[in-house]
Enquirer: 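Quick one: structure below, then a few questions.
FYI, side chains are in, hydrogens and waters are out, and symmetry mates aren't considered; it's all heavy atoms of this structure. All values derive from a computational prediction rather than experimental measurement. Counting starts at 1 for both ligands and their atoms, in listed order.
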Amino acid sequence: MTPRLFVATRNPGKQREIRALLADAACEVMFPEDRGLWERPDEAGLEDAESFEGNARRKAEYFAKLARFPTVAEDSGIEVFALGGKPGVRSKRFAFPPREDLREQDEANNRELLVRLVGAPPERRRARYRCALVFLERHDARPWVFEGQCTGRILETPTGSGGFGYDPIFFSDELGKSFGEATAEEKAAVSHRGRAFAAFAAWLAEHPL
Ligand code: IMP
């Protein structure tokens, strides 16, 4: 029987990317909805840690307990160097007040970031995406950590409609275009998440579930 891997994210943009990134791994990928795990109020507090790894670890432990399968969780975000690393671990809820609808929240986050950078020259718009991924065989097992990052700058206006979140305003150094303009394959080849999951997939190949 194909081993199953639980992936602890509800974000549809992340789910789409992670399914593709793990397409060649010898496991069946399951998300919370596939296990009938609907969102609970206590999930809101899972992302209060001060680091991507800390947040990923809390999500992995929480969901590994509920799902009772080997679990991988990721936490990610964007850091603008001239803003002292903001939005960072607060990327998901950067714009205030919080919006119920994820797409509205993403758009508000982009507007907030653009406003904070109005008039900033290119060198003050440098940024990177970061992704930390924590794998747990069981909720109380040794955590395995994988990371990825990619650099670029924040554009002055959104460009392209691909990806999700900050992608239309993130110009990738490596692709020479925004993640909003990139195909899914192009983004996966250089993105923070693509790199973290490539490292995880290589590890999985050596440590089958
Ligand atoms: P979290 O990891 O669920 O806390 O959410 C991460 C947040 O960072 C997302 O809601 C997005 O706003 C942003 N983010 C992380 N990765 C990406 C990406 O690949 N593209 C665009 N935005 C991202």
Enquirer: Between the side chains of R103 and E107, is the shortest nitrogen-to-carboxylate-oxygen separation below 4.0 Å, so that they form an ion pair?
Expert: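 No.
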Enquirer: Any salt bridge (Lys or Arg N to Asp or Glu O under 4.0 Å) involving residues 70-82? Give me the pairs, sequence neighbours left out, ordered by first then second residue.
Expert: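 Matches after skipping sequence neighbours: K14-E74, K59-D75, E74-R193, E79-R128, E79-R130.
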Enquirer: Under a 4.0 Å threshold between the charged nitrogen and the carboxylate oxygen, would R58 count as salt-bridged to E47?
Expert: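 Salt bridge between E47 and R58, a charged N being under 4.0 Å from a carboxylate O: no.
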Enquirer: Tell me which residues fall inside the under-4.0 Å heavy-atom shell around ligand 1.
Expert: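 The 4.0 Å shell around ligand 1 contains K14, E47, K59, E74, D75, S76, G77, S91, K92, Y129, F164, G165, Y166, D167, K187, H192, R193.
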Enquirer: Do R195 and Q149 have a side chain donor and acceptor closer than 3.5 Å?
Expert: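 Absent: no donor and acceptor within the cut-off.
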Enquirer: Who pairs with Y129 by side-chain hydrogen bond (donor to acceptor under 3.5 Å, both in side chains), at least two apart in sequence or on another chain?
Expert: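 Here the qualifying residues are D167.
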Enquirer: Side-chain atoms of residues 137-146: list all donor-acceptor pairs with protein atoms under 3.5 Å, sequence neighbours left out, distances to 0.1 Å.
Expert:
from, atom 1, to, atom 2, distance (Å)
R138, NE, D140, OD1, 3.4

